[in-house]
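Numbered from 1 within each chain, the chains take letters A, B, ... in sequence-line order. We use all heavy atoms of the structure for the numbers below, so side chains are in, but hydrogens, waters and symmetry mates are not.
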There are 2 protein chains.
Amino acid sequence: MTSKPNVRQPSHVACRDCSLSSLCLPLALSIKDIDQLDHIIKRGRPLKKGEHLFLEGDPFTSVFAVRSGALKTYTATNEGEEQITGFYLPSEILGLSGMDTDTYPVSAQAMETTMICEIPFEQLETLSDQFPELRRHLMRLMSKRIREDQQMMMLLSKKNADERIATFLINLASRFRRRGFSSQSFRLSMSRNEMGNYLGLAVETVSRVFTRFQKNGLISAVGKEIEIRNSVKLCALAGGKTLEPNPIATNA
Amino acid sequence: MTSKPNVRQPSHVACRDCSLSSLCLPLALSIKDIDQLDHIIKRGRPLKKGEHLFLEGDPFTSVFAVRSGALKTYTATNEGEEQITGFYLPSEILGLSGMDTDTYPVSAQAMETTMICEIPFEQLETLSDQFPELRRHLMRLMSKRIREDQQMMMLLSKKNADERIATFLINLASRFRRRGFSSQSFRLSMSRNEMGNYLGLAVETVSRVFTRFQKNGLISAVGKEIEIRNSVKLCALAGGKTLEPNPIATNA
DNA sequence: TGACGTCATTGAGAGGCCTCAAAGTCGTAT
DNA sequence: ATACGACTTTGAGGCCTCTCAATGACGTCA
């Protein structure tokens, strides 16, 4: 399993050679201009499971793109519990919500081994001055995030446990598909507990819904491995269309 | 009640003469540059209660600032019910969530007689090219909105009915105060039904909580008139600090 | 001013989800 | 390989909020 000649070290892949460039920030730039973005990006060592990318209260300096792996963001409730605010898959951008403060309003933690591209915000703003398209893309990302958060608010205030979990699974599936992975079977990077926390449900409820979904032939779940067996019914439960109420994913 | 000599017609107040300028978009501009913003703003006739500013699906053309009155934004759930996504008070900006689509993702409706400043988005973008501060302010507004939506998600997934309503009242109070109104007593522009819809509660629950709050001396409510009688306890219920989990309000 | 419709309040009952508890499974590290 | 801890599953019971229903208050318009 040593590296083969034609396989670059992942931590050195340039934007122009990155398979995610069409989903990530570079999509706002022409081939020629991508290298400019590339130059300001810092690529650190991989984060191990449980390591933090930044902590709530840390000074806001950068936004981040996920290259591989998965992260969650969370904040502390008044009672000191953890409240998960989002899950982030490869090509998704996090850190934008800190932009109008001097500190990050949430903590970001790796749920598995994760590689990250760091984009120092000051330099990103400078680059935005040069490339209006990049600026508009950043705005679109934030606008999209607002709409997705509103979908999430609707989920939390109107949907029952079954519908919440169906929505969550369909959303994950569609994000996997867009990244070229199977939307039929995939591996959850979060625990049942984290899923429940995010969806406003107790762990036990999540577990019971999973069991029920399996009895009804909607899914098959072995540990974190999920297979969607009846996507039509699952989508119906989720509320019709293939929703995507969570992080920032792709372009329009 | 005819207009007095020194009172301009409200629909003609320029940004530089507007009492809200320090809370609204102009705060990003110097006195000298405000007039440039002023020139692109359209000031239409007042909206009567129940009238729509825009409908979900309308082509996205402008963002709006509330001059007086109050609006709500809402979207339709899959079952065709209304889901309120925000309430907007004077100086607050709405319409930003449509920015990355060609249509508004929500409808906006006046809850009372309301005056609006319309800012055509194309011209706002052009102006943004000239004034980086304006651009950054727009970004900050969106970033702030994301954080507030996340507060709202926390409310919906972790708080009980008492805490939700306490949070809502404290949030409204702090927004009134910032606008120079009393934060102790004010008039709700929304019905109990709308409040419940927004907070993920049934009307009856809202009503019962109001009754209980009055028995406990936290507030006094006569119809839509609210008086906060024990702001300390109410803040404690809301979860400590004076939160503001809703629309876009002011600067840092 | 009276009548109507909308909104708010109050009560009774039911249901969904949470909490508590315990057993079972998985992953990991020694 | 084994033992430990973390995670998952399942059960029983209770509570909070919703639903349904009816009465009461308010505001509006003829």
> Kindly give the heavy-atom pair with the smallest separation between B:M142 and A:I146, and that separation in Å.
O-CD1, 4.0 Å
> Nearest whole angstrom, please: distance from the P of C:dT9 to the CZ of B:F213.
13 Å
> Donor-acceptor check, side chain of B:S97 to backbone of A:S143, threshold 3.5 angstrom: yes or no?
no
> So what does B:S207 touch, heavy atoms closer than 4.0 Å: a base, only the sugar-phosphate, or nothing?
base
> May I have the distance from B:E112 (atom CD) to D:dT28 (atom C1'), rounded to whole angstrom?
17 Å
> Regarding B:S157 and A:Q83, do their side chains bring together a donor and an acceptor under 3.5 Å, going by distance alone?
yes
> Excluding sequence neighbours, so at least two apart, what forms side chain to side chain donor-acceptor pair (under 3.5 Å) with B:E82?
B:K72
> I'd like to know if A:R145 and A:E92 make a salt bridge, using a cut-off of under 4.0 Å between side-chain N and carboxylate O.
no
> Under a 3.5 Å threshold, yes or no: a donor from one side chain and an acceptor from the other, between B:T113 and B:K49?
no
> Taking the ring centre of each residue, are B:F54 and B:F60 less than 6.0 Å apart?
no
> For the helix from C:dT1-D:dA30 to C:dT30-D:dA1, what angle separates the axis at the start from the axis at the finish, each from five pairs, in steps of 10°?
40°
> Is it true that a side-chain atom of A:S207 and a backbone atom of A:T205 form a donor plus acceptor pair closer than 3.5 Å?
no
> Mind checking what makes side chain to side chain donor-acceptor pair (under 3.5 Å) contact with B:E56, not counting sequence neighbours?
B:T75
> What is the per-nucleotide protein-contact pattern of nucleotides 24-30 of chain C, from the 5' end, where B denotes a base atom under 4.0 Å from a protein heavy atom, S denotes such proximity for sugar-phosphate atoms only, and - denotes neither?
-------
> Return the value, rounded to whole Å, for the distance between atom NZ of A:K224 and atom C1' of D:dT8.
9 Å
> Could you check how far NZ of B:K215 sits from C1' of C:dT9, rounded to whole Å?
11 Å
> B:C24 and B:I93: which non-hydrogen atoms are nearest, and at how many Å?
SG-CD1, 4.2 Å
> So for atom NZ, which belongs to B:K158, do other residues, nucleotides or ligands contribute more than 12 heavy atoms lying within a distance under 6.0 Å?
yes
> Hey, is the main chain of A:S91 close enough, under 3.5 Å, to the side chain of A:R67 for a donor-acceptor pair?
no
> To the nearest Å, give me how far apart CG (A:N193) and P (D:dA6) are.
13 Å
> To the nearest 0.5 Å, what is the distance between CZ (A:R175) and CZ (A:F181)?
13.0 Å
> Taking N or O atoms only and anything under 3.5 Å, show me the protein contacts with nucleotides 13-21 of chain D, one pair per line.
{"unit_1": "D:dT17", "atom_1": "OP1", "unit_2": "B:A161", "atom_2": "N", "d": "2.8"}
{"unit_1": "D:dC18", "atom_1": "OP1", "unit_2": "B:G200", "atom_2": "O", "d": "3.4"}
{"unit_1": "D:dC18", "atom_1": "OP1", "unit_2": "B:A202", "atom_2": "N", "d": "3.1"}
{"unit_1": "D:dC18", "atom_1": "OP2", "unit_2": "B:A202", "atom_2": "N", "d": "3.1"}
{"unit_1": "D:dC18", "atom_1": "OP2", "unit_2": "B:T205", "atom_2": "OG1", "d": "2.3"}
{"unit_1": "D:dT19", "atom_1": "O4", "unit_2": "B:R208", "atom_2": "NH2", "d": "3.1"}
{"unit_1": "D:dC20", "atom_1": "N4", "unit_2": "B:E204", "atom_2": "OE2", "d": "2.9"}

> What is the distance from CZ of A:R192 to P of D:dC7, rounded to the nearest Å?
12 Å
> What nitrogen or oxygen pairs link the protein and nucleotides 2-5 of chain C at under 3.5 Å?
none

